[in-house]
Amino acid sequence: MKEPRDAVSEDPGKEASSGEIADLIHKYISRRDFLIATGAFSLGVTAFCIMGGTSAAAGAAPRKIYVANALGMVVGDPTLCTGCRRCEAACTGYHEGIARPSISRVKVARNVQFGVEGVRMNGYQTGNGDFGNFRTIQDTCRQCPHPVPCQLACPHDAIEALAPVNARVVDVKKCEGCGICVQACPWGMISLTGPANGKGSKATKCTLCNGNPECVQACPSGALTYRKWSDLTKTIPPRQTVPASVRLTAAVAESCKECH
Amino acid sequence: MRYGGWTGKILRIDLSTGAITTEETMKYKEYLGGTGIGWKVLWDEVPPGTKAWDPENRIVFGVGPLTGCGAPSSGRMVVTSLMPVHINDLPGAGHMGGAWGPELKYAGWDSLIIQGKAAAPVWIRIVDDEVSIEDASELWGNGTYRTATAICTEMGSDAHVAAIGQAGENLCRLSCIISDRHHSAGGGGLGSVMGSKNLKAIGVKGTGSVRIATDVKTWKKLNYYWLSLMGANNNHVVPMNKQPWAEYYDSASRWTADRGLFWGAASPPVETGYCTDFEHPLPGDCPRPQNKMGRRTHKGYKDFGLPGANHTVKMNGCLHCPVRCHIATDVPQLEQYGVSRYNENTCTGNTILSSIMKTVPGSQDSNLINSQMSTNLTSDYGFWHDYGQWAVCYNWAQSHVMSAAECKALMLPASFVGKTPFQNRLPAAELAILSGNPTGSTPYAPASPWGKANAGDPSAQQDLIKLIIPNGGKIYSKTPVFADVVANGPAYWAEKWPEIGYFNNHCTKSLSFKMNHAKHHGAESFGQIGCLINMTYNRDAMNHTHQNVTVGPPLAVVNQLMKELFASPAAPGIFNDPNGSDICHTSSVDGYKPVTAGMAAFTAACMVELELKNAMISCDWTLPAWLSPLKSRGYRGDINMHADLYAAVTGDKVDLKQFQLIGLRLLTLFRALTARHMDYHVKKENPTGQVNMRHDHDYMNDWMFDKVGDTTTGPVRGPGTGIPNAVSGNTDAYPAKEVAFQGTTQLMSREDMEKAKELLYEQLGWDRETGMPTEATLKKLGLSYVKGKIPALIVA
């Protein structure tokens, strides 16, 4: 799988141009960037935080933290969804060249029959889904604002915000398939291509397809739309409880101290 | 090479021994998958004379290389077996939509072959390559809804379950397999094949993938190209109503979407609006035409008019299909009867029981309410509709008053005259239960099932289905004679009651094609073409390919386009009349036209197309793309589409002609398989006899030929036949003044149909006299081994 990657200098000594400053909200920010970008704040650039300083503390090198919000998101309308799951087919078909709903980044399969609530013997005929009232709920990545749960939980620093739309994207080169991000996402939006820690296992999550999501293009009933990002994490109930064992790595904790 | 599409493994389960084994798919590669593998397994493993319910019978849950690949219309699967509904248990298949088949692929299996019989009720659990046989004693006796839900509580909400209900358990021949709540594989009583094996359900969950051989870019392009050629349900490529963006419209089209037409029970209601073809994006109406394909087909409106539209929550359907043909309804009125207000089905599946109901006069919703009660009950019980044939016989047995002439001709007692078959045949105690009086005469008691049915009261269906399918077996039935005929289908019914066979063979109202099974788009669909197609199969012809072309641009345009494909010196495929004869016409417009070689070539292509669809697997209700909605292409589709798609997914490069040859191989194997089983039964009656497929199999009922006053009924077969109309006094035939295709009459000519058969056999490489594949054809198709089992039936 090849993800689009923006060539951005990671050299902290490099002077940033004004164009790059404007881009800062799309990127991670170094301390130096932060100093430059402080000026950009007055230009209307909204909230961002910083990565940890260069000074290592407690034995962990601070990790860069993404604070810029995503610019877009995929939103589902359950009333329009006919449950065909062409979105899932497009997601893996037009990226990996396979059909594999279990790793699709848009997730409908798990809700089609019994809704988000899941199967239960009692009253299933009145619940959501095909065994109930036919309401099909499409689960899409919320592209969480800071603190991004999957990104902060990743022990390998393999999830980053990527231009042009700041989607939270798995860097498959860094991903070791440990599956911690899968547990860390309150909405269960990340999948593994194989068993946790299995050979070649990688995490898959929504990349927003550079702002032109395949799932949205493929939906035959207009039930998925690509919209300007807004924070839905506070309103959409979590799908799973993040286990207490999923903690911030030391490197992240170090970075957090910079602002908190 | 490593192919895409296939997973490479087939799962086999022997329920007698509990053995779970795997086989290489590639040994079946020449048969692709689906029914292809099914026919081959039946040929290799099930000897003629085997009955459908014998442990030796196989039931093959088939998927193909395209199943689950993500292409449009790749969500279906087929179940192949011997069919209990047929007197001689001939081979056949049932077809199931939903997402069960793809899930089997994602679990890593190219098919599932089941044989033997479990000692006690079991269900099969498949989670990827973990397969186990589980105890189903607690599930037995339940309907499919509860069964599937219970299994999902064990396997997860995303598992898919194919189950039988009480109909299959109790060996009702009219029984089907239900998955995903309302998707069914009927196939001549397949539910009872599972029931005979003590197999209640199969739960599947897969986390794997279907690999696409071609590159991502080509794959995406191919998908969108294909989508651009698709129309609505039945591949209808023009809208039903006149719309400003469209050159043509056709009132018969299922492209029903229109401004002001809503999914009325959606919350909030959803307007279908114009759902244009890809060439006519309408700003402000839809984001892109491709994003409104799923709203083109409003079947709720098509089938039930405005009441249907008002109660439609949305359109539903199979995995990965953009053509949504299942109506998901919300009918709150059903709650007073204790059943779910939410139900889903389409076409005949919605009227299995409601077709024996009368509607409430003046009630706009009565028809819809009854149909949704019907869907709710029959999907739960797993009751097969037999394409409506059982209900037609039922209604006739309940309403037809036998005449003296009929009784005489059928050698029935004189006491039968003046009464209905039900009155004549059912014991007084049963008639009392059904009608409220021991003679079964009208008026029925208002609280009796028949009384309620005539009043349009949906609860009649709840009463009747319990009488038709006694849970726990026949000994629990309050009406065993009634249940025995009604639940086992018209063929077995006709064996017991000759008047049912007489009705099916002779009466236009029966809508039976042959062998006491229903016609499915027969003479009314391009005359001889529809007839030839209905002749070929052992159940109602589940071949929609020809029917899909009957609706669309003006017939002259369609005829020209089909001639390009099947009657032209430059025709692309192997079925062709180079002399360019006409193909498409309708009786009501043109009157009767004699058969042409072009019609035969088109018919052969339709049959082969179906075999390919059922093997790949693709859908016969959304394809072929022989027409398209695109004016810029002159409404041409792309006949290479399926071959191209197969090649893209698998990497097995074939062109159209090679691909059609694969389809012909499957059709020919099915033919040989049918002949082998029929020949066994012919020889059982007469050791020196042998089957002649042309005469013994490829026939059609007399009512399609005869008119009132005929005394020259031709060769007739089947129970209760051989009765010239003038003798029988049958007036349910076409009046003499309506001969030769006038109005809606579809009166065929025997002489012309015989010629039609010959022309068809010629296209298929089958012998003119016997209707069997010739030795040369078998050799060409890699089927030479067939001759070894039926040497006398194969001519050089």
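Owing to the predicted nature of the structure, the values given are computational and were not obtained by experimental measurement. In the text below, chain A, chain B and the rest are named by the order of the sequence lines, each starting its count at 1.
The side chain to side chain contact (heavy atoms under 4.5 Å, CB included) search around A:Ser102 returns A:Arg100, B:Thr207, not counting sequence neighbours.
Contact tally against chain A (heavy-atom pairs below 4.5 Å) for B:Ala266, B:Cys152, B:Pro269: the top residue is B:Cys152. In terms of non-hydrogen atom pairs under 4.5 Å with chain B, the most contact-rich of A:Arg120, A:Met121, A:Arg135 is A:Met121. Comparing B:Gly317, B:Ala99, B:Ala150, B:Gly75 by how many heavy-atom pairs each has under 4.5 Å with chain A, the most go to B:Ala150. Of the residues considered (B:Val270, B:Asp215, B:Ile212), B:Ile212 shows the highest number of contacts with chain A, using heavy-atom pairs under 4.5 Å. Among B:Ala148, B:Gly206, B:Gly294, B:Gly68, the residue with the largest count of heavy-atom pairs under 4.5 Å with chain A is B:Gly294. With chain A as partner, the option from B:Val323, B:Val649, B:Thr329 having the largest number of non-hydrogen pairs under 4.5 angstrom is B:Thr329. Heavy-atom pairs under 4.5 Å with chain B were tallied for A:Pro78, A:Cys84, A:Gly97; the largest tally goes to A:Cys84.
Each of B:Pro322, B:Pro289, B:Cys321 was checked for a side chain to side chain contact (heavy atoms under 4.5 Å, CB included) with A:Pro220, and the lone residue meeting it is B:Pro322.
Using a 4.5 Å cut-off between heavy atoms, B:Arg146 touches chain A through backbone and side chain atoms alike. In this structure, no portion of B:Pro102 lies under 4.5 Å from any heavy atom of chain A. In this structure, chain B has a heavy atom under 4.5 Å from the backbone of A:Cys81, while its side chain stays farther away. Residue B:Ala265 does not touch chain A at all, counting heavy-atom pairs closer than 4.5 Å. Residue B:Ala213 does not touch chain A at all, counting heavy-atom pairs closer than 4.5 Å. Of the atoms belonging to B:Arg295, heavy atoms from both backbone and side chain fall under 4.5 Å from chain A. Of the two parts of A:Gln217, the backbone and the side chain both hold a non-hydrogen atom closer than 4.5 Å to a non-hydrogen atom of chain B. Interface remark: A:Ile103 contributes no atoms to any contact with chain B (heavy atom separation under 4.5 Å). The parts of A:Tyr94 that come within reach of chain B are both its backbone and its side chain, each placing non-hydrogen atoms under 4.5 angstrom from that chain. In this structure, the portions of B:Pro268 lying under 4.5 Å from any heavy atom of chain A include both its backbone and its side chain. Both the backbone and the side chain of B:Asn316 come within contact range of chain A, with heavy atoms under 4.5 Å apart. Contact annotation for B:Cys318: only backbone heavy atoms (N, CA, C, O) come within less than 4.5 Å of a heavy atom of chain A. Both the backbone and the side chain of A:Ala218 come within less than 4.5 Å of a heavy atom of chain B.
Nearest approach of B:Cys69 to A:Ala99, heavy atoms of both residues: O-CB, 3.4 Å. Across every non-hydrogen atom of A:Gln113 and B:Asp158, the tightest pair is NE2-C, 4.3 Å. Considering every non-hydrogen atom in both B:Trp263 and A:Thr82, the closest pair reads CH2-CG2, 3.6 Å. Residues A:Arg85 and B:His320 approach most closely at O-CD2, 3.2 Å, considering heavy atoms. The two residues B:Ser157 and A:Gly118 come nearest to each other via the heavy atoms OG-CA, 3.3 Å.
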Q: Evaluate the criterion side chain to side chain contact (heavy atoms under 4.5 Å, CB included) for residue pair B:Arg181 and A:Phe134; output intermediate values, then yes/no.
A: CA-CA 11 Å; B:Arg181 195 169 174 206; A:Phe134 300 115; 4.1 Å; yes
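Here the straight-line distance linking atom CD of B:Glu335 with atom OG1 of A:Thr126 works out to 8.5 Å at 0.5 Å rounding. Separating the CE atom in B:Met293 from the OG atom in A:Ser221 is a distance of 11.5 Å, to the nearest 0.5 Å.
Side-chain contact annotation: A:Thr136 with B:Lys314, donor-acceptor N/O pair under 3.5 Å present.
A:Asn133 places none of its side-chain heavy atoms less than 4.5 Å from the side chain of B:Val313. Between B:Arg288 and A:Val216, the closest side-chain pair of non-hydrogen atoms falls below 4.5 Å. For the pair A:Phe114 and B:Thr149, the minimum side-chain heavy-atom distance is below 4.5 Å. The side-chain heavy atoms of B:Asp180 and A:Asp130, taken from C-beta on, include no pair separated by under 4.5 Å.
Applying the 6.0 Å contact sphere to CD of B:Glu130 captures no more than 12 heavy atoms from other residues, nucleotides or ligands.
Residue pairs meeting the side-chain hydrogen bond (donor to acceptor under 3.5 Å, both in side chains) criterion with at least one partner in residues 219-231 of chain B, sequence neighbours excluded, are A:Arg86-B:Asn223, A:Glu214-B:Lys220, B:Tyr225-B:Arg633, B:Tyr225-B:Asp638.
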